[in-house]
Structures are given as structure tokens and as C-alpha cells.
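When a residue number appears, it is its place in the shown sequence, counting from 1.
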Amino acid sequence: MNKKLNCVLLVDDDFATNFINRKIIQKTDLTEHIHVALNGKEAIDYLCQQGKFESTVDNEYPRPQLILLDINMPVMDGWEFIEAYKNLNLENKENIIVVMLSSSFNPADRAKAESIQEISAFKQKPMNKEALLEIFDKAFPGLIGENIL
């Protein structure tokens with residue numbers, strides 16, 4: 001039996017992108033939960049549910065181990081999210097991998113993301129199964145089973 005991540009947090013305001021990413025993640029069967037935040041503020045609020053991770057009967061706030069973060073969103077964009085994320089208590093961000101997903105081909109966006117310690121990788125949208133498995137393989141070695149490849 002393969003080990004799974006507890007939760008993947010999708011942070012993107014585009015419903016179609018979230019739908020596609022959710023389907024790809026579900027097909028890999030590598031996580032128990034997928035939660036969607038439509039902007040950085042919703043994601044920060046979710047991460048700040050101190051004491052509620054895994055403590056509710058229905059697991060209302062499963063602790064994410066992976067965040068897939070868009071850059072351009074209303075209310076709080078990806079860059080603003082990262083600045084707020086840096087200021088969170090360690091318990092709210094411990095053992096979370098952040099991957100920035102963007103449709104931007106601007107080399108400055110990639111360079112900026114690569115210069116931020118909290119961002120583990122920068123990937124182009126749209127996501128596909130191969131890119132997702134590459135993220136999982138790099139961030140969570142040994143998680144991917146033979147049946148997925």
C-alpha cells in the first residue's frame with residue numbers, strides 16, 4: 001500500500017484550472033484531501049486554523065503538505081501570499097512544500113520564484129500528470145509507487 005499525502009492545497013482563482021488540477025491529483029491517488037483556496041488570503045486563513053488541523057471529527061482543516069500556488073489572483077496574489085506565509089508561525093507552515101504554478105513566461109517571474117526560499121519549484125500551467133509526478137518525486141521521494149508510473 002502506498003503512503004499518501006494528507007492534503008494538497010490548490011491556490012488559484014481560476015475554476016477551470018482548479019478542476020483540471022483536482023482531476024489530475026485524484027488520478028494519481030497520492031493524497032487523501034484536496035482543498036481549494038481562490039486567492040492567497042483564503043489560503044493564509046486556511047493555514048491559520050491553529051489547533052483545528054486533524055482535530056475535528058470530519059477533518060475540516062487537513063494540514064496541507066503541498067501547496068500549488070498561482071501568481072495572479074485577486075485579493076492577495078501569489079507574491080503577497082508568500083510574504084504573508086513567511087510571517088506565519090512555524091506550526092502553521094511546518095513541512096509544507098510550496099510550488100508556484102503560472103501561465104507567465106516572464107523570465108523575471110521564474111527568477112523571482114527561484115530566489116525565494118519558501119518556493120520549492122516554479123512550474124508552467126497547465127499542469128499535467130508528468131509535471132505533478134515530477135513535483136511529488138522531488139518533494140516527497142519514495143511516495144510514488146510503481147502502479148502510478
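For residues 99-108, there are no salt bridge (Lys or Arg N to Asp or Glu O under 4.0 Å) pairs, not counting sequence neighbours. The ring pair (Phe, Tyr, Trp, His ring centres under 6.0 Å) pairs that include a residue from residues 87-121 number zero, where partners must be two or more places apart or lie in different chains.
With sequence neighbours excluded, the residues satisfying side chain to side chain contact (heavy atoms under 4.5 Å, CB included) with E80 are M76, D77. Listed by chain and number, the residues in a side-chain hydrogen bond (donor to acceptor under 3.5 Å, both in side chains) with D14 are T17 (sequence neighbours excluded). For the side-chain hydrogen bond (donor to acceptor under 3.5 Å, both in side chains) test, residues two or more places apart in sequence or in another chain that qualify with D12 are K125. With sequence neighbours left out, Q26 forms a side chain to side chain contact (heavy atoms under 4.5 Å, CB included) with R22, K23, I34. Under the rule for a side chain to side chain contact (heavy atoms under 4.5 Å, CB included), the partners of L88 that lie at least two apart in sequence or sit in another chain are I44, L47, C48, Y85, N92, K93. Legend: residues meeting side-chain hydrogen bond (donor to acceptor under 3.5 Å, both in side chains) with D45, ordered by chain and number and at least two apart, are K41.
To the nearest 0.5 angstrom, L10 atom CG is 4.5 Å from I25 atom CD1.
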When you look at F81 and V75, which way does the side-chain contact (heavy atoms from CB on, under 4.5 Å) test go after all the steps? CA-CA 10 Å; F81 167 85; V75 183; over 6 Å; no
Report all side-chain donor-acceptor pairs from residues 116-124 shorter than 3.5 Å, counting only partners two or more places apart or in another chain.
from	atom 1	to	atom 2	distance (Å)
K123	NZ	E134	OE2	2.3
Q124	NE2	S102	O	3.2
Q124	NE2	S104	O	3.2

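Counting heavy atoms from C-beta outward, L38 and F15 have side chains that approach closer than 4.5 Å.
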